[in-house]
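See below for the structure under consideration.
Indexing begins at 1, ligand by ligand and atom by atom, following the structure's order. Because only heavy atoms are used, hydrogens play no part in the values below, and waters and symmetry mates are left out as well, while side chains stay in.
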Amino acid sequence: MTIYPVNAFAAPKGTYDLTPPDSATFLAVREALAAPLRRAGYGYIETPGFEHVELFSRGVGESTDIVSKEMYTLTTKGGTELALRPEGTASVLRAALERNLHKAGNLPVKLWYSGSYYRYERPQAGRYRHFSQIGAEAIGAEDPALDAELIILAVDAYRSLGLREFRILLNSLGDKECRPAYRAALQDFLRALDLDDETRRRIEINPLRVLDDKREAVQKQLTGAPLLRDHLCEACKEYHERVRVLLTAAGIEFEDDERLVRGLDYYTRTTFEFVHDGLGSQSAVGGGGRYDGLSEMIGGPALPSVGWALGVDRTVLALRAEGVELALPAATEVYAVPLGEEARGVLFGLVTALRRAGVGTDFAFGGKGLKNAMKSANRSGARFALLAGERDLADGVVQVKDLESGEQKSVALDAVVDELSAQRS
Ligand code: AMP
């Protein structure tokens, strides 16, 4: 048993720390992915990082990789079985039911969330054991416009970041009317193939997942497999066509992908995935779909719903793959460099006043010499350095140096805050 990592400072396998300056990009991506949701009436929800194991085994599905292999579970001292959340939808729906949000007024209840998720997967580029998602759920309405809305909002989010090389894969998984017959037809087809024992077991529990098998030897045998498209009932067909028409009208291009199944059992009808071609094998930057039966699966009333989750980590990687640099404003706009003890006190006061006026300001802490302090000022990304020595203080001024042009001028102490606030607007 490893008691302590070999390198005492190493983060656990499959995780990484977000540190400046990269963390600023990460935050900006989170903001950008959430912004279209806020504009579309989605309210923010936060749920615990762990839930009862049962929520996921009933909701996400006992036969899925996520539940059967990838969940971090723990038993509390009191004997309660908990799991670190592997995904957001089941938790959000549970919380909505607990708080009776679906009874409070208008349906659908539209919610968005942002947080960390945990899956015990084999780590590789773009696949982590701790990752970050922005998600959206629209609970309690069956309306193709809602499915279309969510897809459009995700596209708008990606576009606002400057991403271009992403594609939308779209499918319908049918509903409780038409899926059982399709499932049986697929099982008949699959049982006749040459497959290993584990895959054979999967045919009996969740045959649709076999279509998702990435192995070439399996994929080869799947040509000719019955497609759900040919088994959809009239209501599902009509619903799906409506979603397609609405997306097309919104100028959204998508690809029909009859093999798109997704790794969670709760999906019905519309399912979609956003893939980015610059990411190698972990190409899904986001995905989602309709889950009309999930509420009942976890013990609630019938609440047809639809939602998605976008991976923040992979969106950052996709931006990098496309060479997109986000224009992030410098956090520090002014950097104060005191020359001598008296100036230290005066400038420290000015720093506080500038911050209170909304100007991002930092200070040369630690009694650095002028040269070092100016280096720090340059590194901070600040546009202006604020310098003051004994003589300046005697004259009641400070020096404001424009670090881009090198120009420097004296500004009266009591005018500095106004002057620098004005400079930024
Ligand atoms: P899923 O719930 O599996 O559909 O995941 C939704 C999105 O979360 C995916 O499209 C990925 O962008 C992201 N994601 C899922 N699992 C991981 C992981 N292990 N590491 C990084 N991102 C992930």
Next on the checklist: As an exercise, identify every atom of ligand 1 less than 4.0 angstrom from a heavy atom of R127.
Outcome noted: 19 (N), 20 (N)

Next on the checklist: Are any of the N/O atoms on V285, whether in the backbone or the side chain, positioned under 3.5 angstrom from an N/O atom of ligand 1?
Outcome noted: yes

Item to check | Set of side chain to side chain donor-acceptor pair (under 3.5 Å) partners for E325, sequence neighbours left out | outcome: none

Checklist entry - Should the ring pair Y72 and Y120 be called parallel, tilted or perpendicular, given that the plane angle runs from 0 to 90° and is split at 30 and 60? => result perpendicular

Checklist entry - What atoms of ligand 1 come within less than 4.0 Å of a heavy atom belonging to E121? => result 16 (N), 18 (C), 19 (N)

For residues 289-304, please give each side-chain donor-acceptor pair under 3.5 Å, one per line with the distance, not counting sequence neighbours.
residue	atom	partner	partner atom	Å
R290	NE	D147	OD1	3.2
R290	NE	D147	OD2	3.0
R290	NE	Y239	OH	3.0
R290	NH1	A141	O	3.2
R290	NH1	D292	OD1	2.8
R290	NH2	A141	O	3.1
R290	NH2	D147	OD1	2.9
R290	NH2	Y239	OH	3.2
Y291	OH	E137	OE1	2.7
D292	OD1	S305	N	3.3
S295	OG	P301	O	2.5

Checklist entry - Is the distance between the ring centroids of F272 and W308 less than 6.0 Å? => result no

Checklist outcome for this item: Quick note on ligand 1: atoms under 4.0 Å from a heavy atom of A309 include exactly 6 (C), 7 (C)

Item to check | Heavy atom of G126, distance to ligand 1 below 4.0 Å | outcome: yes

Checklist entry - Taking only heavy atoms of F131, which atoms of ligand 1 are found under 4.0 Å from at least one of them? => result 14 (N), 15 (C), 16 (N), 17 (C), 18 (C), 19 (N), 20 (N), 21 (C), 22 (N), 23 (C)

Checklist entry - Going by the order shown, which atoms of ligand 1 are within less than 4.0 Å of some heavy atom of Q133? => result 2 (O), 5 (O), 6 (C), 7 (C), 8 (O)

Item to check | F363-Y335 aromatic ring centre distance below 6.0 Å | outcome: no

Item to check | Sub-4.0 Å atoms of ligand 1 with respect to non-hydrogen atoms of G286 | outcome: 10 (O), 12 (O)

Checklist entry - Any nitrogen or oxygen of D313, main chain or side chain, under 3.5 Å from a nitrogen or oxygen of ligand 1? => result no

Checklist entry - Under 6.0 Å between ring centres, would you say that holds for F274 and Y158? => result yes

Item to check | Polar atom proximity, E87 to ligand 1 (N or O, under 3.5 Å) | outcome: no

Checklist entry - Just distances here: any N/O of A284 and N/O of ligand 1 closer than 3.5 Å? => result yes

Checklist entry - Under 4.0 Å from any heavy atom of Y128, which atoms of ligand 1 are there? => result 18 (C), 19 (N), 20 (N), 21 (C)

